[in-house]
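Only one structure is covered here, and it is reproduced in the block below.
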Amino acid sequence: MSGTKEILVEKSSEKAAAKAAEIFRSVVCDSVYHRGVCNAALSGGTTPRSTYQLLADQALTDDVPWSQVEVFFGDERDVPQDDVESNFRMVQRTLLDHTPIDWARVHPMRADAEDIGGAANEYEETIRHKVHSNNHGIPQFDLVMLGMGGDGHTASLFPGCANLDEMHKLVVACFIPVLGRHRISFTFPLINAARNVLLLVTGDDKADAVRRVIHDQDMALPSSRITPHHGTLHIVLDSAAARLL
Ligand code: 6PG
C-alpha cells in the first residue's frame with residue numbers, strides 16, 4: 001500500500017463544501033490534462049449538494065472541461081430516476097443540468113430494475129468498458145466522491161452487510177436491513193483502486209463516527225475500509241464533524 005491521506009478541517013460546512021469543490025475542479029483539470037478524460041463517480045445524500053451547487057454556479061465561467069468528464073454514481077437507491085430520493089435526480093438537478101456536460105457520458109444506475117442484480121452487473125460492465133484498468137485488472141477512477149452516515153456506512157456499504165468483504169464484484173446489488181430497501185453500490189476493491197477518493201463529512205451528528213473511523217480505525221465501521229491503495233484519500237470535514245478528533 002502506498003496511498004496517501006490528507007485530512008482537511010474547515011470552520012464551517014460552507015467552507016468544507018467550497019474545499020470539496022476546489023478538490024473536484026483540480027482533479028478534473030489534472031485528469032483531463034494528463035489523460036484526456038476524467039472518470040468521476042459522484043455521491044448522493046444531502047452533504048454534497050452544496051458542493052454541487054458551487055460547481056454549478058461557476059460551471060459556465062470556470063475552466064473545468066465538463067465535456068470531458070465521464071460521470072458515474074457510487075451508489076443508488078431502488079427508485080426511478082425522477083424520484084425525489086434518486087441520487088441521479090439530485091445530481092442532475094443541482095449540478096449536471098447547469099454544466100455543458102456531454103449527456104452520452106453520464107451513466108445512471110438502474111436501481112429500480114426488477115432484476116437489480118442484473119442491473120448491478122450491467123453497471124460493472126459499463127465501467128469495465130469505459131474506465132481503464134490498473135495492473136490488477138480493476139478500473140481506476142480518477143475521482144470517487146463519498147459521504148458517510150452516522151453509522152459509518154459509505155456509498156451503500158452498511159455495517160454488517162456481506163458485501164463489505166466482496167473481493168471480486170466491483171458493483172453489487174444489496175438489501176439493506178436497516179432501511180428495508182435495496183441499493184446498488186460500488187464495492188471497496190473498486191473504491192480503493194481510485195486515483196483520488198474525496199470523503200466529505202459535515203455536522204455534529206457525524207462526529208462520533210468520524211472519530212471511530214479516523215482516529216480509532218474501527219473496522220466495524222465500513223468507512224474505515226476506505227484506503228486507496230495507490231491514490232490519495234482527501235478527507236474534508238467541518239469543525240463540527242471533527243470536534244472529537
Ligand atoms: C446515499 C449515499 C450515502 C450518503 C450517506 C451520507 O445514497 O445516501 O450515497 O452513502 O453519502 O448516507 O448521507 P448524508 O449526506 O445525507 O448525511
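Everything numeric here is computed off the predicted structure, so don't read it as measured data. Counting starts at 1 for both ligands and their atoms, in listed order. What you see below is based on every heavy atom in this structure, not just the backbone, and it leaves out hydrogens, waters and symmetry mates.
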Q | Parallel, tilted or perpendicular: ring planes of Tyr123 versus Phe186, cut at 30 and 60 degrees | A | tilted
Q.
Ignoring hydrogens and geometry beyond distance, is a side-chain donor-acceptor pair present between Asp75 and Ser156 at under 3.5 Å?
A. yes
Q) At a 4.0 Å threshold, what atoms of ligand 1 neighbour a non-hydrogen atom of Arg183? A) 1 (C), 7 (O), 8 (O)
Q: Using a strict 4.0 Å threshold on nitrogen-to-oxygen distance, state whether Asp78 and Arg183 make a salt bridge.
A: no
Q) Tell me, which protein residue and heavy-atom name are nearest atom 17 (O) of ligand 1, and how many Å apart are they? A) Lys206 NZ, 2.8 Å
Q) Are any of the N or O atoms of Arg77 closer than 3.5 Å to those of ligand 1? A) yes
(Q) List ligand 1 atoms under 4.0 Å from Asp75, heavy atoms only on the residue side. (A) 1 (C), 2 (C), 7 (O), 9 (O)
Q.
Counting non-hydrogen protein atoms only, what is the nearest one to atom 12 (O) of ligand 1? Give residue, atom name and distance.
A. His153 NE2, 2.6 Å
Q.
Quick test of your reading of the model: are Glu125 and Lys130 salt-bridged, counting only N-O distances below 4.0 Å?
A. no
(Q) Looking only at protein heavy atoms, which one is nearest to atom 15 (O) of ligand 1, and what is the separation? (A) Thr47 OG1, 2.4 Å
Q: Report, in ascending order of atom number, the atoms of ligand 1 lying under 4.0 Å from any heavy atom of Asn87.
A: 1 (C), 7 (O)
Q.
Check this for me - ligand 1, Ser156, N or O atoms closer than 3.5 angstrom, yes or no?
A. no
Q.
Nearest non-hydrogen contact with atom 3 (C) of ligand 1 belongs to which option: Gly149, Ala111, Ala155?
A. Ala155
(Q) Quick check on contacts: which atoms of ligand 1 are under 4.0 angstrom from a heavy atom of Met148? (A) 5 (C), 6 (C)
Q: May I ask you to list the atoms of ligand 1 that are less than 4.0 angstrom from any heavy atom of Gly147?
A: 11 (O)
Q: Look at Asp142 together with Arg35 and state whether they make a salt bridge at an N to O cut-off of under 4.0 Å.
A: yes
Q | Test: Arg89 and Asp82 ion pair at under 4.0 Å | A | no
(Q) For atom 13 (O) of ligand 1, what is the closest protein heavy atom, and at what distance to 0.1 Å? (A) Gly45 CA, 4.1 Å
(Q) For a quick check under 3.5 Å, do Gln140 and Arg195 share a side-chain donor-acceptor pair by atom type? (A) yes
Q. Just distances here: any N/O of Thr154 and N/O of ligand 1 closer than 3.5 Å?
A. no
Q: Please confirm whether Glu76 comes under 4.0 Å of ligand 1, counting heavy atoms of the residue only.
A: no
Q) Would you say the side chain of Ile235 lies within less than 4.5 Å of the side chain of Leu8, judging by non-hydrogen atoms? A) no
Q) Is a side-chain donor or acceptor of Asp204 paired with a backbone partner of Ala207 at a separation under 3.5 angstrom? A) no
